[in-house]
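One structure below.
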2 protein chains.
Amino acid sequence: MQVPLPHDELTCQVREILDRVGDKWSLAIVNELGGGTRRFTELKRAIHGISQRMLTASLRNLERDGLVSRTVYPVVPPRVDYELTGLGHTFLKTAWSLMSWAIEHAPDIVEARQKYDQ
Amino acid sequence: MQVPLPHDELTCQVREILDRVGDKWSLAIVNELGGGTRRFTELKRAIHGISQRMLTASLRNLERDGLVSRTVYPVVPPRVDYELTGLGHTFLKTAWSLMSWAIEHAPDIVEARQKYDQ
DNA sequence: CTGTATCCTTTTCGATACTG
DNA sequence: CAGTATCGAAAAGGATACAG
């Protein structure tokens, strides 16, 4: 049981992608956008602890990768909506299973850590 | 479509776990161990670019989380075997779907980036 | 409201040398 | 062979101030 890829391809292509979506905030953002379209400030409020700087940067990266779309309305004050693209939805669906794994096995991991630490 | 969790729980528990397994090398290590038991040097050779320092650190973390087991043989020169635990196998199975997503959609992402960059 | 720019601290991680 | 220790470079990221 092992992903059947030349190792360089795994690291250089897959990991480049997973690094992006696996950074500190992207998963939280994508998950929040899974609830529907959100404005900048709504995301900032919903994702506890994220700085304006990182929210902007993460959204730009997700937009660049085609997971999130950005819509600017030419009004005052400015309004910008973010939402998942089709690709973004397929990613969230997959990320779900990993989140579910983490939730399901969190007790096992906590227990393993306690055992290891003593 | 959104993981139905209070946000703090998602970030504080799930992300703590995903940060661990989503760090720079853990996925590559777990994937390699999916092929069977490996010695330290075998892992080092198989995972291109990893330093001794990071291999040791990542293995310790994975062991602490209960994903990898470590067996020391009291021989000279030393021999240490690493292999996935049951928990580690369930993780690899889940991580697979994410890797598959990355492989499947890599062309889309590359294209999105090119479009964004111009 | 939705950002950008700057500074500065913290964290990460590679390189190297050394050990049992 | 399988590590540990130390150093320093680089990157990540928070805080703050400012802009359209």
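It should be emphasised that the depicted structure is a prediction, and the values quoted were computed from it without experimental measurement. In what follows, every chain begins at residue 1, and chains take the letters A, B, ... in the order their sequences are listed.
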Using C1' atoms of five pairs at each end, report the bend of the helix from C:dC1-D:dG20 to C:dG20-D:dC1 rounded to 10 degrees.
40°
Give me the first and last nucleotide of DNA chain C, going 5' to 3', that has any atom under 4.0 Å from a heavy atom of chain B.
C:dC13 to C:dG20
Quick one: do B:V75 and B:V80 end up in the same hydrophobic cluster if we chain Ile, Leu, Val, Met, Phe, Trp and Tyr together by side-chain heavy atoms under 4.5 Å apart?
no
If you apply the rule side-chain contact (heavy atoms from CB on, under 4.5 Å), what do you find for A:V72 with A:R70, and how did you get there?
CA-CA 7 Å; A:V72 182; A:R70 178 174 180 266; 3.6 Å; yes
Answer with base, sugar-phosphate or nothing: what part of the nucleic acid does A:Y82 contact at a heavy-atom distance below 4.0 Å?
sugar-phosphate
How long is the span from the CG atom in A:L27 to the OG atom in A:S58, to the nearest 0.5 Å?
11.5 Å
Salt bridge (Lys or Arg N to Asp or Glu O under 4.0 Å) between A:D19 and B:K24: does it pass, once the steps are laid out?
CA-CA 8 Å; A:D19 275 0; B:K24 194 173 179 186; over 6 Å; no
OP1 or OP2 of D:dC1 less than 4.0 angstrom from a side-chain nitrogen or oxygen of B:R38, does that happen here?
no
Taking the six-membered ring of A:Y82 as reference, does the NZ or CZ atom of A:R38 fall below 6.0 Å from its centre and within a 45° cone about the axis?
no
Looking only at side chains, do A:S26 and A:D23 share a donor and an acceptor under 3.5 Å apart?
yes
Salt bridge between B:D81 and B:R79, side-chain N to carboxylate O under 4.0 Å?
yes
When you compare the side chain of A:L87 with that of B:H105, does any pair of heavy atoms fall below 4.5 Å?
yes
Roughly how far apart are A:E16 CD and A:D65 CG, rounded to 0.5 Å?
8.5 Å
Report whether A:I17 and A:W96 are members of the same hydrophobic cluster (ILVMFWY, side-chain heavy atoms less than 4.5 Å apart, transitive linking).
yes
Quick one, give me the B/S/- string for nucleotides 4-20 of chain D, reading 5' to 3', where B means a protein heavy atom under 4.0 Å from the base and S means that only happens at the primed atoms, P, OP1 or OP2.
B-B------BBB-B--B
